[in-house]
Amino acid sequence: MDNAAPLWIFFLMVLGIVALPGMDMAFIVGSALHGGRRRGLLAVAGVMAGAVFHILVTGLGISVVLNWWPALFNALLVGGAAYLVWIGFNLVRMDASNGLPQALVGTRSEAATFRQALLTNVLNPKAYVFTLAVLPQFLRSGDRPMWLQFVVLGLIIWAVQAGVYGPLALAAGSARQGLASRPGARLFLARATGVVLIAGALLTAVQGWRA
C-alpha cells in the first residue's frame, strides 16, 4: 500500500512478538537445556527457516487464499495447535525415568532438532495470524520491487529472532551444566515447557479462529 507504516514500527512489532514467551521460545529453551548450546542454536536456525516459509506464503499470495477461504485457515490453526499440544502433552506426562521425548530435542540426530524447530514454527498459529494481519501493512505499491520489500521484512524478522533467541539458547545451554546434577529441576522445566506449549497453542488458535 502507498501509505505503508515505517519499518521501525515493523521492527518493534516483531520484537514484541518474538520476545513474548511462546511455542518457539519454549522449544528453543527446552532444546538447549536438554541438548546443550549446539542443539539450542540448531533450534534457533530451524525457527528462522520457518520464518522464510511464512514470508514466502505472503509473497506468493497464499495468505490471500487463506484469508478468502477461512476453512483452510482454520484447518491450519487446528492442525498446528494439535501438533504443539501433542509435544506439550508428552513433556507434561514425562517422569524422571523415561527421559526427554524425541518430540522436543530430536535425539536421533542434530538434524532432527532443526526439522522439529522448523515444523514447530511453520505450524505455529501465531505466525499465520501475524502474516495475515500485520505484514501487508508494511508493503508499498510502486515504491520498490515487491520481492525486495519482502526480503527487507524477512531480514528484519531474522535479525530480531537471532538477537532474542540466540542469546537465550546460549544461556539455557550454559544452565544445562548446572542442572545436570539436579534431575528434579530438569523435570520441572520440561513439564513447565509442556504447559507453555499447550497453553500458547490453544490460546493462539482460539484468537486466530475468532479473527
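These numbers come from a predicted model, not from an experiment.
Partners of Ala162 under the side chain to side chain contact (heavy atoms under 4.5 Å, CB included) rule, at least two apart in sequence or in another chain, are Met48. Every residue two or more places apart in sequence or in another chain that forms a side chain to side chain contact (heavy atoms under 4.5 Å, CB included) with Ala111 is listed here: Ser109, Arg115. Under the salt bridge (Lys or Arg N to Asp or Glu O under 4.0 Å) criterion, Arg37 pairs with no residue at all, not counting sequence neighbours.
A chain of hydrophobic side-chain contacts below 4.5 Å, direct or via other Ile, Leu, Val, Met, Phe, Trp or Tyr residues, connects Ile17 to Val52. In the hydrophobic cluster analysis, where Ile, Leu, Val, Met, Phe, Trp and Tyr join through side-chain heavy atoms closer than 4.5 angstrom, Ile28 is grouped apart from Leu41. In terms of hydrophobic clustering, with Ile, Leu, Val, Met, Phe, Trp and Tyr side chains grouped at heavy-atom distances under 4.5 Å, Phe53 and Leu42 are assigned to different clusters.
Heavy atoms only, all atoms of each residue included: Ala32 and Ala169 are closest at CB-O, 3.4 Å.
To the nearest 0.5 Å, atom CD of residue Gln116 and atom CZ of residue Arg39 are 11.0 Å apart. Atom CH2 of Trp158 and atom CD1 of Ile55 lie 10.5 Å apart (nearest 0.5 Å). Rounded to the nearest 0.5 Å, atoms CG (Leu153) and CG (Leu7) are 6.0 Å apart.
Counting heavy atoms from C-beta on, the side chains of His54 and Asn121 come closer than 4.5 Å. When side chains are defined from C-beta on, Leu168 counts as touching Val29, because their heavy atoms get closer than 4.5 Å. A 4.5 Å side-chain heavy-atom check between Gln161 and Val47 finds at least one atom pair inside the cut-off. Side chains of Val164 and Leu15 form a contact here, defined as non-hydrogen atoms less than 4.5 Å apart. For the pair Val44 and Asp24, the minimum side-chain heavy-atom distance is 4.5 Å or more.
Among Trp8, Phe150, Phe10, Phe11, the single residue meeting the ring pair (Phe, Tyr, Trp, His ring centres under 6.0 Å) criterion with Phe138 is Phe10.
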